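Since we're looking at a predicted model, the values are computed, not measured. Each ligand, and each atom within it, is numbered from 1 in the order the structure gives.
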Amino acid sequence: MTLEDYKKKRRFGISPEPSGKTSREKSQHPNLLYVVQKHRATQLHYDFRLEWHGTLLSWAVPKGPSLDPSVKRLAMQVEDHPVEYAEFEGVIPAGEYGGGTVMVWDNGTWEPEVEDVDAAIQKGDLKFTLRGKKLKGSWVLVRTHGYGRSSGKSWLLIKHRDQYASTGEITIEEPRSISSKRLLADIARDGGGDVEKATTGDPAAKSAKKKLAPAVKSAPKSPKRRKPTT
Ligand code: MN
């Protein structure tokens with residue numbers, strides 16, 4: 001998928017996302033970029049991106065990455081994104097393509113564990129090492145058998161067993177932006193976005209709600225609702 005698909009879907013006069021005008025010279029940046037952007041769009045997902053041939057190969061991972069090697073996370077390949085997208089954090093206006101809040105959840109560099117990356121992608125089995133702040137060590141993206149519209153776009157993101165494997169839920173334990181330390185709600189507030197919607201993507205807020213619920217129940221506000229005592 002080319003950058004043209006990326007450009008076709010977006011109105012850059014309205015969305016603050018980068019238009020992808022500039023391309024990166026490989027020689028200036030020997031390290032290949034890696035980024036995960038947490039995106040509270042229609043559905044919450046994590047956009048997993050690897051720089052290759054001057055663009056960012058991109059997969060949308062609905063549940064986000066897992067450090068547990070026994071867990072396979074669905075990763076739907078989406079259109080390539082321009083390299084400067086890796087730094088985008090902010091609000092895509094409602095009604096625009098991908099409308100919602102975007103957070104730079106993790107970033108760093110990646111290195112292929114295979115000789116021929118293009119052949120590996122073609123084959124649907126790409127092994128690589130991540131050098132991020134949250135995600136590290138050996139991983140694999142494996143193409144799986146999708147059907148209908150998802151045919152050929154459906155992959156699985158899996159952690160390999162190494163010193164960085166863990167059973168902890170990294171998405172819950174480390175919910176903040178790696179570049180600004182903000183939660184989705186903070187980014188939405190700062191960017192004039194939908195704070196309430198963004199908050200539903202922040203795990204801390206979810207657990208706070210859960211904690212609040214019983215307290216509200218046990219303290220009836222209206223005497224009318226109180227059951228008569230005998
Ligand atoms: Mn997305």
Might you work through the side chain to side chain donor-acceptor pair (under 3.5 Å) test for Ser66 and Asp68, ending with a clear yes or no? CA-CA 5 Å; Ser66 172; Asp68 186 340; 5.3 Å; no
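For the salt bridge (charged side-chain N to carboxylate O under 4.0 Å, His left out) condition, the pairs that include at least one residue of residues 101-120, sequence neighbours left out, are Glu111-Arg131.
Looking at Asp80 and Asp5, their side chains never come closer than 4.5 Å, going by heavy atoms from C-beta outward.
Within the protein, the N, O or S atoms lying under 2.8 Å from the Mn ion (ligand 1) are His39 ND1, His45 NE2, Asp47 OD2.
For Tyr164, the ring-ring contact (aromatic ring centres under 6.0 Å, His included) test picks out no residue, with sequence neighbours left out. For Lys38, the salt bridge (charged side-chain N to carboxylate O under 4.0 Å, His left out) criterion is met by no residue, not counting sequence neighbours.
Checked for salt-bridge contact, Arg10 and Glu79 meet the test: a charged N lies under 4.0 Å from a carboxylate O.
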